[in-house]
Amino acid sequence: MIYFISRTLKDLRANFFLNSVTVITIALAVLIFSAFTLLFVNADALLRFWLADLRIMVYLKNGTTEASIREMQEKIRKIPGVGEIVFIPKAEALERFRKQLGPQASLADGLSRNPLPDALEIQMDSASQNWDAIEPAAEQIAAFPGVEDVEYGAQWLSKFIYILHLFRLTAYAMGGLFFLAAVFFVANTIRLVLYSRREEIEIMRLVGASDGFIKDPFYIQALFMGMLGGLMGLGGLFCLLHFIVQSTGAWIPADSFHLRFLPTQLAGVILAGSMFVGWIGCFVSLRQFLK
């Protein structure tokens with residue numbers, strides 16, 4: 001093992017420029033792929049943050065009786081995922097509207113009549129605060145007699161989810177592209193090292209050295225470059241996120257959503273993937289050179 005490590009360090013020093021280019025390429029690949037992944041992770045967390053406070057507003061038709069409202073509430077409670085239901089009379093809705101107007105609350109005083117309808121405010125339970133549960137529940141409620149309209153931010157939420165899926169596909173595509181590019185650089189770096197040591201390798205074969213004895217230093221070198229590139233990419237992303245958080249922390253309220261770094265398990269998977277890139281690039285070169 002000591003021989004393998006010393007041989008690896010010697011090759012790294014002897015081909016410093018090529019190895020540096022390879023490590024930087026892996027680092028850029030990890031940085032770009034991790035940035036898309038981080039964006040997806042935070043966008044998904046932001047969506048869940050919004051959904052946790054999302055209310056389905058059910059606006060009732062004028063003239064709906066109290067008995068009909070109670071009957072509607074009982075039907076809504078039977079819908080899977082529905083939690084708390086609060087009835088908001090039109091008078092209370094107008095008072096809420098005045099509070100939302102703030103300094104312009106006097107604008108509501110000039111109304112000749114209350115234009116707001118009675119409404120039901122529905123909170124989904126904690127186990128069903130996701131888009132797949134909210135949308136079917138809202139569609140089912142909209143079909144009830146006495147319901148004028150149902151509002152739950154369908155348009156902007158559906159667009160946000162579409163963009164979220166688009167980012168996910170982009171991350172996959174970019175990851176595949178940079179995976180191939182990183183493998184290409186690793187393979188060519190190892191191939192150049194092999195050519196520079198071809199006479200030494202021939203002598204080692206003549207004296208009976210096994211393929212494992214010849215290959216292992218190169219695999220260690222490739223794994224080390226993959227690990228170093230992965231750490232550099234993740235470290236650069238962490239520094240960038242820290243800078244963004246520090247820059248925006250002054251205007252983001254303390255009780256609002258916070259950007260977060262990649263989960264430790266996911267970061268470990270990405271680091272392992274960068275090491276695998278080094279290994280597969282080395283494998284391709286050794287297979288072509290030593291066959």
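Nothing fancy with the numbering, it's 1 onward along the sequence. The analysis underlying the following values was restricted to heavy atoms, covering all of them including side chains, and did not include hydrogens, waters or symmetry mates.
Across Pro263 and Val41, no two heavy atoms sit closer than the pair CD-CG1, 4.4 Å. The shortest non-hydrogen separation linking Met225 to Ile26 is O-CD1, 4.0 Å. Ser34 and Leu237 get closest at one heavy-atom pair: CB-CD2, 3.4 Å. Annotation for Ile88 and Met57: closest pair CD1-CE, 4.1 Å, computed over non-hydrogen atoms.
With sequence neighbours excluded, the residues forming a side-chain contact (heavy atoms from CB on, under 4.5 Å) with Leu241 are Leu38, Val245, Leu259, Phe261, listed by chain and number. Partners of Tyr59 under the ring-ring contact (aromatic ring centres under 6.0 Å, His included) rule, at least two apart in sequence or in another chain, do not exist in this structure. By the salt bridge (charged side-chain N to carboxylate O under 4.0 Å, His left out) test, Glu121 pairs with Arg96, sequence neighbours left out.
Leu240 and Ile270 fall within the same hydrophobic cluster, defined by Ile, Leu, Val, Met, Phe, Trp and Tyr side-chain heavy atoms under 4.5 Å apart, directly or through other members. When hydrophobic clusters are built by joining Ile, Leu, Val, Met, Phe, Trp and Tyr residues whose side-chain heavy atoms come closer than 4.5 Å, directly or via intermediates, Leu266 is grouped together with Leu271.
Between Val30 and Val277, the closest side-chain pair of non-hydrogen atoms is not below 4.5 Å.
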Under 3.5 Å, which donor-acceptor pairs link side chains of residues 66-82 to any protein atom two or more places apart or in another chain?
from  : atom 1 : to    : atom 2 : distance (Å)
Ser68 : OG     : Thr65 : OG1    : 2.8
Glu74 : OE2    : Arg77 : NH1    : 3.2

Show me the side-chain donor-acceptor pairs of residues 136-150 shorter than 3.5 Å, one per line, residues at least two apart or across chains.
none

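Atom CZ of Phe238 has 12 or fewer neighbouring heavy atoms from other residues, nucleotides or ligands inside a 6.0 Å radius.
Checking side-chain atoms of Asn42 against main-chain N and O of Arg260 turns up a donor-acceptor pair under 3.5 Å. Looking at Ser285, its side chain never comes within 3.5 Å of a backbone N or O of Cys282 through a donor-acceptor pair.
Its side chain within the 4.5 Å cluster rule, Ile24 clusters with Leu28 among the Ile, Leu, Val, Met, Phe, Trp and Tyr residues.
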